[in-house]
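Positions are given from 1 along the sequence.
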Amino acid sequence: MLVHQEAASASLGTSAAASAPTKTAHMVASAASTVPSSGISKSQASVAVASTQPDAAGKISLKVGSGAARISVVDANGKKLVFETVAAGSGREVSGTPPFQLKIGNAAQVQLAYNGQPVNFSDKIRGTTARIELK
């Protein structure tokens with residue numbers, strides 16, 4: 001029933017739907033198409049979903065091979081998404097607002113993907129450190 005209440009809030013334009021996470025908004029859209037008593041059309045629910053999606057979110061995946069790597073990822077808002085030494089064999093996945101500034105120590109041991117696509121940054125490595133901007 002909570003989803004039903006959020007769906008009703010979405011049709012009224014209240015802040016509950018505007019501040020709900022994207023996953024919840026998808027649930028609202030799903031609920032609107034399956035709950036006939038909600039009084040919300042599929043198009044109204046789609047508007048609620050679209051309004052909660054970030055304008056241009058980016059997803060970064062980092063995988064560290066052998067040897068730990070010092071990784072820093074900062075998004076366009078200055079938020080530090082990663083700022084740590086990542087152990088060998090580990091990885092991190094983060095999302096934020098592009099462009100991203102990355103600094104990667106022991107860079108030769110790191111695999112990078114941006115929005116699901118591999119990124120070749122071997123030309124950015126100076127010594128053992130890479131500085132990369134992803135837009």
Open item on the list: Main chain of K79, side chain of N77: is a donor-acceptor contact present, judged purely on distance under 3.5 Å?
Closed with: no

- [ ] Decide side-chain contact (heavy atoms from CB on, under 4.5 Å) for V64 and I71; before the verdict, give the C-alpha distance in whole Å, the side-chain angles of both, and the deciding distance to 0.1 Å.
- [x] CA-CA 10 Å; V64 180; I71 299 176; 4.1 Å; yes

Open item on the list: Donor-acceptor pair, distance only, cut-off 3.5 Å: does the side chain of N106 make one with the backbone of A68?
Closed with: yes

Open item on the list: Please give me the minimum heavy-atom distance between D123 and R126, naming the atom from each residue.
Closed with: O-NH1, 2.8 Å

Open item on the list: Ignoring hydrogens, what is the shortest heavy-atom contact between A130 and F121? Give both atom names and the distance.
Closed with: CB-CD1, 3.8 Å

Task: Least distance between heavy atoms, N115 atom then A57 atom - done: OD1-O, 4.1 Å

Open item on the list: Rounded to the nearest 0.5 Å, what separates atom CZ in R92 from atom OG in S61?
Closed with: 12.0 Å

Task: Close side-chain approach of L62 to I104, heavy-atom, < 4.5 Å - done: yes

Open item on the list: Tell me if a side-chain donor or acceptor on N120 pairs with a main-chain N or O of S122 at a distance below 3.5 Å.
Closed with: yes

- [ ] State whether F83 and R70 meet the cation-pi test: NZ (Lys) or CZ (Arg) under 6.0 Å from the six-membered ring centroid, and within 45° of the perpendicular axis.
- [x] yes

Task: Shortest non-hydrogen contact from A88 toward G67 - done: CB-N, 3.3 Å

- [ ] Please round to the nearest 0.5 Å and tell me the distance separating atom CD of Q101 and atom CG of L134.
- [x] 8.5 Å

TODO: Find the distance between CD (E133) and NZ (K124) and round it off to the nearest 0.5 Å.
DONE: 9.0 Å

Open item on the list: I'd like to know whether Q109 forms a side-chain contact (heavy atoms from CB on, under 4.5 Å) with S66, so could you lay out the CA-CA distance, the side-chain angles of the two residues, the decisive distance to 0.1 Å, and finally the verdict.
Closed with: CA-CA 6 Å; Q109 297 301 316; S66 61; 3.0 Å; yes

Open item on the list: Using 0.5 Å steps for rounding, measure from the CZ atom of F100 to the OG atom of S72.
Closed with: 12.5 Å

Task: Linked, directly or transitively: I125 and V86 (ILVMFWY side chains, under 4.5 Å) - done: yes

Task: Contact summary for I60 and V73, nearest pair of heavy atoms - done: CD1-CG1, 3.8 Å

Open item on the list: Do R131 and L102 make a side-chain contact, defined as non-hydrogen atoms from C-beta onward lying under 4.5 Å apart?
Closed with: no

- [ ] Check whether any side-chain N or O of Y114 sits under 3.5 Å from a backbone N or O of K135 as a donor-acceptor pair, and report yes or no.
- [x] yes

- [ ] Over all heavy atoms of both residues, which pair between G105 and A69 is shortest? Give the atoms and the distance, please.
- [x] O-CB, 3.2 Å

